[in-house]
Amino acid sequence: MCEILHNIEVTNVQATETFHHSIALLKGSISNPCEGTELRISFNEQQDQHRPLSYSYSADVGESFEKLYKFRLLVRLAEGENGITLRYCKVERRFSFHYVPRCSPYTVVPLYIICKGHSGRYQSHVDDQENTATVACQKITLAIELLQCLYGEKLHEEGYGRKTFTLGSSCVPFHSQLEWTQSVGMTEGELWQHFASELVQSEQYDMATVKVVAFLSSTHFEGITDGDYSYGNIRAKTTGHAALGGGGLALFGTGCLYTWPTTLERVGAAFLNPQPVDCANLLDDSNYRRTYGGCYATTLGSVCHEMGHTFDLGHTPDGSIMGDGFDGIERVFVAPKCPGGDTGPRRLVETKPRGPAGRLTQLKRPTDVFRQRMDAKCNDGIFFAPNSANTLNYHRWFQLDSAPPGANGATILFDRDTRLVSSEGTGSALVLVELRLSSNGMMQKFWTFQCGQKSIPQAQFQLPKLSNLSDHTLFVMNAVGDILKVNLATDSVLNSEAQ
């Protein structure tokens, strides 16, 4: 009989909570673990009779001096009440989660694009007999569900509650009229422009209320035979590849879809899969980790980042999701063997904002101390910068009761002569003003305005006199989710762009 005193601690959820996304994440630890004892997970008996237990679990016993058994648990929730029990040795913790699916007119729809003349089978290893459109759609649906969970968790960590986007449907094939033979000679920017136009013209989706996350089936990697395994050479040998998001479309290649799991139970193993990539035959997009798990993490992180652009987020000069920190996205979902994980070299993202300095509120590049504090706060080092989280908090795609654009009579205006930004309409105070470099969407400066019970709503803001305003794009958001983007070089209002 074990006489050790254990404690199961879950840090990110309460014993009773309501979720609006179907996959719940539990992050926790067990103090003073027994040798050889594992955590057991069960649903209540009534649930077990109606459906199989669906979860993904990973743990790290850690170093002996830590005396902690860290774990991550992903659980698929059924609509309504979900009773979950965690047991370890003689102790247990019970949770009651209520799942209420989101209902919003603004949705995210995943698609699997099949060009005319293509089989619809994504590139995979020779033993894979399941690389069909059906299986691809299963992988993609699961990926978007995981990101729905991630967005909710990251906003929760910033104090906004588990706000996230609504998944409009499971992934389905979209049969494009673009000839496959023509697509192989197109750049990713040309592919994005073509499919964005085709989606609008098809009228299959109302692009005013739908964000499409699309994956191109015909991505093809010809293999490395010259010994040059640099990312530049890998990209040069790949056709039908894209990783671009903006406006109503985020578009991706499927070169690493062979590493993605189809079911929640396989998520942990997929992230931790150490199998080396055969670069003579398969695409390696892992930020030089060259493993199946590295490919899954990097490509899912890329989807998370580019989806952020469709939600009107710009780049940030830091290690955040919208900076260069999305390669280590597996740390959200699995218990890493070492803090920070091994995500390979830093990405080549411009992180040195240019322009006038001054006593203006702006996001600075995090120091090591800041990163350590953020790691401790978030428990995984993956985060949205404050301006990004603020944008998502008020974004129409993240509200449960969003009104159609213009329904509240709100209007955002910018007067170039006076540099005055104003928001008119009931309850439409300013919440964010941001300056981004027009060349790459990198945030340079931002100003936030509290919009709560104890604050005075601010309807106007005057930009300071800056010598290089013409290099920037102005981004403004108000409390009802209205957005204004103005290219200050031309004074033209921007509606959508890929980044």
Side-chain angles (χ1 to χ4, degrees), residues 56 110-143 146 171-176 178-186 188 191 214-243 251-303 327 330 334 344:
S56 176
L111 296 178
Y112 185 62
I113 297 179
I114 303 174
C115 287
K116 199 171 183 179
H118 189 261
S119 67
R121 298 177 71 91
Y122 59 88
Q123 189 174 14
S124 187
H125 51 84
V126 294
D127 296 330
D128 186 0
Q129 301 302 315
E130 297 183 342
N131 58 331
T132 63
T134 299
V135 172
C137 285
Q138 292 172 352
K139 291 170 179 269
I140 293 166
T141 298
L142 174 61
L146 288 172
C171 180
V172 294
F174 178 86
H175 293 275
S176 171
L178 178 64
E179 293 285 349
W180 170 37
T181 53
Q182 181 182 351
S183 72
V184 297
M186 298 171 68
E188 61 179 346
L191 289 168
F215 296 79
L216 184 57
S217 72
S218 51
T219 305
H220 181 75
F221 173 63
E222 68 180 56
I224 299 295
T225 57
D226 55 8
D228 180 0
Y229 297 100
S230 66
Y231 184 65
N233 193 42
I234 289 174
R235 283 295 299 272
K237 295 179 181 297
T238 308
T239 57
H241 175 80
L251 179 66
F252 305 93
T254 53
C256 286
L257 203 61
Y258 68 93
T259 67
W260 288 25
T262 55
T263 62
L264 182 64
E265 292 86 345
R266 299 178 182 176
V267 167
F271 276 126
L272 299 173
N273 191 346
Q275 182 173 340
V277 175
D278 176 12
C279 294
N281 297 291
L282 296 172
L283 178 64
D284 171 30
D285 188 1
S286 64
N287 201 24
Y288 295 99
R289 285 175 279 183
R290 293 186 183 173
T291 64
Y292 277 39
C295 286
Y296 179 33
T298 287
T299 50
L300 185 65
S302 177
V303 175
D327 285 287
E330 76 278 5
V334 298

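Just so you know, residue 1 is the first one in the sequence shown, and it goes up from there. None of the values given here were measured: they were computed from a predicted structure.
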Nearest atoms (heavy-atom pairs only) where [X] meets [Y]:
X: V267; Y: L146; value: CG2-CD1, 4.0 Å
X: T238; Y: F221; value: OG1-CD1, 3.4 Å
X: L191; Y: G240; value: CD1-CA, 4.2 Å
X: G294; Y: R289; value: O-NH2, 3.4 Å
X: Y112; Y: G120; value: OH-O, 2.8 Å
X: D284; Y: C279; value: CB-SG, 3.9 Å

Distance, nearest 0.5 Å, that separates [atom1] of [X] from [atom2] of [Y]:
X: L142; Y: E265; atom1: CG; atom2: CD; answer: 9.5 Å
X: L282; Y: T259; atom1: CG; atom2: OG1; answer: 10.0 Å
X: H118; Y: T181; atom1: NE2; atom2: OG1; answer: 11.5 Å
X: L300; Y: E330; atom1: CG; atom2: CD; answer: 10.0 Å
X: R266; Y: L264; atom1: CZ; atom2: CG; answer: 11.5 Å
X: Q275; Y: R290; atom1: CD; atom2: CZ; answer: 15.5 Å

Atom CD of E222: over 12 foreign heavy atoms under 6.0 Å =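 Enclosed.
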
Would you say R235 has more than 12 foreign heavy atoms packed within less than 6.0 Å of its CZ?
->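 For R235, atom CZ is crowded (more than 12 foreign heavy atoms under 6.0 Å).
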
For [Y], is there any backbone N or O sitting under 3.5 Å from a side-chain donor or acceptor partner on [X]?
X: Y288; Y: Y231; result: yes
X: E179; Y: G117; result: no
X: T219; Y: T254; result: yes
X: Y296; Y: P261; result: no
X: T141; Y: C137; result: yes
X: N287; Y: D327; result: no
X: S217; Y: I113; result: yes

Apply side chain to side chain contact (heavy atoms under 4.5 Å, CB included) to the pair S286 and V277, showing each step before the final yes or no.
-> CA-CA 10 Å; S286 64; V277 175; 5.8 Å; no

Are S124 and L257 close enough, and set up right, to give a side chain to side chain contact (heavy atoms under 4.5 Å, CB included), and what steps lead you there?
-> CA-CA 8 Å; S124 187; L257 203 61; over 6 Å; no

Check against side chain to side chain contact (heavy atoms under 4.5 Å, CB included), V135 and T262 | CA-CA 7 Å; V135 172; T262 55; 3.7 Å; yes

Start with the C-alpha gap between F252 and F215, add the side-chain angles, then the distance that decides, and say whether ring pair (Phe, Tyr, Trp, His ring centres under 6.0 Å) holds.
-> CA-CA 5 Å; F252 305 93; F215 296 79; 5.3 Å; yes

Judged by modelled atom types alone, do D128 and N131 share a side-chain donor-acceptor pair under 3.5 Å?
->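 Result is no, nothing qualifies.
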
Apply side chain to side chain contact (heavy atoms under 4.5 Å, CB included) to the pair I224 and K237, showing each step before the final yes or no.
-> CA-CA 8 Å; I224 299 295; K237 295 179 181 297; 3.6 Å; yes

